[in-house]
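Let me begin by presenting the structure, written as structure tokens, before commenting on it.
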Amino acid sequence: MTHAERELLLRRYAAGEISWASLRGRGIDNYRDVLAGLGELGLRPPIAPLDGPNRESRLRARAVIREALARTGPE
């Protein structure tokens, strides 16, 4: 895989166009390499959609984190 091909795959992954499974299927099998590559490109990993059977528990977890952060206040 060329550098340009790898970069394109990482850009598509960051945009949510392809999955981690797709990256593995194309030869990028270490997620640390994915994170490092995204960082080099100034990109972030995609955010999973907030749907499915775990939606409510994910929303509760986010609320707990927000409450804890609000209690700490500004530094």
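Computed from heavy atoms alone, side chains included, the values below leave out hydrogens, waters and symmetry copies. For reference, positions follow the sequence shown, starting with 1.
- Hydrophobic clustering (side-chain heavy atoms under 4.5 Å, transitive across Ile, Leu, Val, Met, Phe, Trp, Tyr) keeps Ile47 apart from Leu41.
- Atoms CE and CD1, on Met1 and Ile28 in that order, are 4.5 Å from each other to the nearest 0.5 Å.
- In this structure, Glu7 pairs ionically with Arg11, as a charged nitrogen and a carboxylate oxygen lie closer than 4.0 Å.
- Leu69 has its side chain out of reach of Arg66: every pair of non-hydrogen atoms, C-beta onward, lies at least 4.5 Å apart.
- Atom CD of residue Glu67 and atom CD1 of residue Ile65 lie 10.5 Å apart, to the nearest 0.5 angstrom.
- Smallest separation of non-hydrogen atoms from Gly37 and Leu10: CA-CD1, 3.7 Å.
- Rounded to the nearest 0.5 angstrom, Leu8 CG and His3 NE2 are separated by 11.5 Å.
- With contacts defined as side-chain heavy-atom distances shorter than 4.5 Å, the pair Leu43/Tyr13 does not qualify.
- Distance check: Asp51 CG to Arg58 CZ gives 8.0 Å after rounding to the nearest 0.5 Å.
- Taking 4.5 Å as the limit, some side-chain heavy atom of Arg26 sits within range of a side-chain heavy atom of Ile18.
- Residues Leu38 and Ala14 approach most closely at CD2-CB, 3.9 Å, considering heavy atoms.
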